[in-house]
Amino acid sequence: MSASRIVFHVDVNSAYLSWEAAYRLQMGDTLDLRSIPSAVGGDVTKRRGIILAKSIPAKAYNIQTGESVGAALLKCPSLVLVRPTYGLYIRCHRAMLALLREYSPRVQVFSIDECFLEMTDVRLGGRSPVEVAHEIRNRIRTELGFTVNIGISINKLLAKVASDFRKPDQVHTLYPEEIEEKMWPLPVGDLFMVGRATREKLDRMGIRTIGELARFDRTLLRIRFKKHGDVIWSYANGIDSAGMLESEHDGVKGIGNSTTIPFDVDDPKIARLYLLSLSEMVGMRLRDKGLTYGLVSVSIRHSDFEHFSHQKKLLYRSDSTDDLYREACSLFDALWTGVPLRHVGVRISDLSPKTAQQLSFFDHPRALARSALDKTIDDLRLKYGNSVIQRGSFLHTGVQPVMGGVGDEDYPMMRSAL
DNA sequence: TCTGGGGTCCTAGGACCC
DNA sequence: TCTGGGGTCCTAGGACCC
């Protein structure tokens with residue numbers, strides 16, 4: 001590894017909201033959502049009413065991402081709310097990615113609105129990293145219509161912290177010699193991997209700032225927080241040993257979809273329809289990647305928000321929707337006591353590529369026919385949309401036959417290890 | 001006020017084996 | 001008899017991220 005690594009972290013400012021604003025301007029709207037108190041929020045009538053992103057003027061009303069739309073409206077009655085449109089966000093993500101790849105062949109997608117760029121061995125044509133970052137920032141604004149912050153440092157952790165400094169449309173550096181001045185005074189909750197639970201525990205230990213965490217006894221943190229203690233202590237000191245791309249092709253570990261149901265469910269038949277619909281989406285996404293699963297999990301949330309999950313390691317591997325649905329039902333039956341249900345989820349993991357050897361396990365005539373049917377349905381849905389073909393059980397139920405986001409328009413999700 | 005959905009990783013306890 | 005220890009796998013739940 002080079003002695004002086006250079007890493008950029010590019011972070012879209014209020015991503016969903018910026019993208020909605022840019023799109024509306026392009027469509028001829030004269031009002032820029034970014035200039036007024038506004039937010040992207042879920043549908044309250046479908047019980048999905050939380051704030052997903054907010055404008056900077058909305059921030060002035062102390063509106064928080066993740067809080068309920070109702071609470072946000074109490075703080076700011078004039079708040080303009082728009083629904084999320086995920087297809088747009090994926091297009092914006094791809095456009096940004098294409099632009100970033102002009103600057104480095106090594107771009108790591110961290111989430112839909114964040115990327116890391118390895119700039120270490122990139123020829124900058126005599127310009128400084130800061131100058132190049134400004135060019136990227138300017139081009140994204142003028143060519144794509146939204147703004148980003150870019151953080152620059154010697155590793156991903158520090159670059160990410162830097163991009164979180166003053167917003168929007170800014171370039172910041174956070175080199176090791178700047179840690180004490182720029183990072184240590186920040187509240188400890190601003191550190192990557194310090195969420196609410198850890199922040200509260202640290203608070204009780206008298207640790208309020210990143211600097212206090214950095215100078216705290218590492219052994220005590222290790223005793224209190226196990227492995228996590230080591231991680232946050234290292235981060236507080238600017239230490240992040242992770243390279244750019246962890247072995248390139250360590251693909252997805254699991255595929256899951258879940259949904260909040262607009263009403264409380266007490267009828268097992270309705271619950272099963274949701275399980276089937278989610279299984280259809282999960283199965284489709286799995287087959288699109290040419291994978292098989294060996295573990296199935298089901299999660300539920302009661303109307304009082306208590307949540308539970310069950311999982312089962314299978315004695316076989318499969319890529320079939322029917323197998324998935326059957327296993328999901330048996331897990332669900334073991335899990336559900338009949339309490340009114342608000343949310344259900346289906347997830348598969350222990351994924352591996354569908355190999356020729358596995359295919360021979362599948363080649364019982366029935367399995368073969370089922371596999372052909374899955375493929376036919378996948379192809380039709382890809383071509384004509386998910387509603388082109390549906391199971392009869394959904395007829396006249398009002399339940400969507402294929403449920404959940406992230407379909408063939410898949411994008412790499414975040415990796416938790418920096 | 002009424003609380004999403006997509007992920008990853010870690011831990012602890014129990015089962016089971018040698 | 002009353003008592004091992006180490007290893008692995010499985011499961012449920014919790015913490016974190018955007």
Side-chain angles (χ1 to χ4, degrees), chain A residues 9 11-12 14-16 40-53 63-77 79 83-84 86 89-90 93 109-115 157 160 164 189 191-201 225-232 235 246 250-262 278 281-282 285 294-301 303-315 331 334-335 342-351 403-407 409-418:
Chain A
H9 179 249
D11 190 343
V12 180
S14 319
Y16 290 1
V40 178
D43 188 339
V44 177
T45 65
K46 290 185 174 157
R47 310 206 291 186
R48 290 173 184 155
I50 67 154
I51 301 292
L52 298 161
I63 285 163
Q64 316 267 342
T65 301
E67 79 179 327
S68 72
V69 167
L73 283 170
L74 276 186
K75 292 176 185 172
C76 175
L79 186 72
R83 283 286 114 72
Y86 293 101
Y89 311 153
I90 289 162
H93 163 80
V109 174
F110 189 67
S111 71
I112 195 164
D113 63 337
E114 291 183 30
C115 293
L157 183 269
K160 183 162 163 57
D164 209 34
L191 190 64
F192 184 69
M193 291 303 283
V194 178
R196 199 168 69 104
T198 308
R199 176 169 45 78
E200 284 171 5
K201 285 176 197 159
F225 297 98
K226 313 283 179 197
K227 212 168 174 171
H228 190 224
D230 256 347
V231 170
I232 60 176
Y235 286 176
E246 317 52 81
D250 62 345
V252 284
K253 302 281 168 57
I255 296 173
N257 286 102
S258 63
T259 192
T260 292
I261 304 164
L278 291 163
M281 175 57 93
V282 171
R285 290 172 59 198
L295 184 80
V296 177
S297 333
V298 167
S299 62
I300 61 173
R301 176 140 65 220
S303 54
D304 64 4
F305 272 80
E306 273 208 300
H307 55 273
F308 304 90
S309 69
H310 271 356
Q311 65 182 52
K312 187 181 168 193
K313 178 99 179 80
L314 306 180
L315 296 170
L331 286 164
L335 195 54
R342 179 190 176 91
H343 178 104
V344 287
V346 173
R347 162 164 294 275
I348 52 181
S349 46
D350 183 14
L351 306 179
M403 204 172 292
V406 195
E409 295 189 316
D410 220 339
Y411 62 91
M413 291 300 292
M414 76 155 279
R415 291 148 201 266
S416 88
L418 269 175

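Proteins come first, then strands; the chains are lettered A, B, ... in the order of their sequence lines, and each starts at number 1.
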If the cut-off is 4.0 Å, is [X] near the phosphate of [N], judged by side-chain N/O to OP1 or OP2?
X	N	result
Ser111(A)	dG6(B)	no
Arg347(A)	dG6(B)	no
His343(A)	dG5(B)	yes
Asn257(A)	dG5(B)	no
Thr259(A)	dG5(B)	yes

Results of ring-ring contact (aromatic ring centres under 6.0 Å, His included) for Phe225(A) - residues two or more places apart only: none

Under the side chain to side chain contact (heavy atoms under 4.5 Å, CB included) test, residues paired with Ser303(A) that sit two or more places apart: Asp264(A), Pro340(A)

Set of residues satisfying side chain to side chain contact (heavy atoms under 4.5 Å, CB included) with respect to Leu335(A), sequence neighbours excluded: Val298(A), Ile300(A), Phe308(A), His310(A)

Beyond-backbone contact of Asn257(A) with Met403(A), side-chain heavy atoms, under 4.5 angstrom: no

When we call it a touch if two heavy atoms are under 4.0 Å apart, what does [X] touch: a base, just sugar-phosphate, or nothing?
X	answer
Glu114(A)	sugar-phosphate
Leu74(A)	sugar-phosphate
Val194(A)	sugar-phosphate
Thr65(A)	nothing
Leu52(A)	base

Only counting residues at least two apart or in another chain, list the ones meeting side-chain hydrogen bond (donor to acceptor under 3.5 Å, both in side chains) with [X].
X	result
Arg301(A)	none
Ser309(A)	none
Thr260(A)	His343(A)
Lys226(A)	none

Length of the line joining Met281(A):CE and dG4(B):P, which is rounded to integer Å: 19 Å

Partners meeting salt bridge (Lys or Arg N to Asp or Glu O under 4.0 Å) with Glu306(A) (sequence neighbours left out): none

Qualifying residues under salt bridge (Lys or Arg N to Asp or Glu O under 4.0 Å), relative to Asp43(A), sequence neighbours excluded: none

Dot-bracket notation for DNA chain C, counting Watson-Crick and G-U pairs under 3.5 Å, with | for partners on another strand: ....||||||||||||||

Enumerate all atom pairs, one protein N or O and one N or O from nucleotides 8-12 of chain C, separated by less than 3.5 Å.
from, atom 1, to, atom 2, distance (Å)
dT11(C), OP2, Lys313(A), N, 2.9
dA12(C), OP1, His310(A), ND1, 2.6
dA12(C), OP2, Gln311(A), N, 2.6
dA12(C), OP2, Gln311(A), O, 3.4

Donor-acceptor pair present, Ser68(A) side chain and dT3(B) base, under 3.5 Å: no

Residue-level proximity of residues 40-48 of chain A to DNA chain B when a heavy atom falls under 4.0 Å: Arg47(A), Arg48(A)

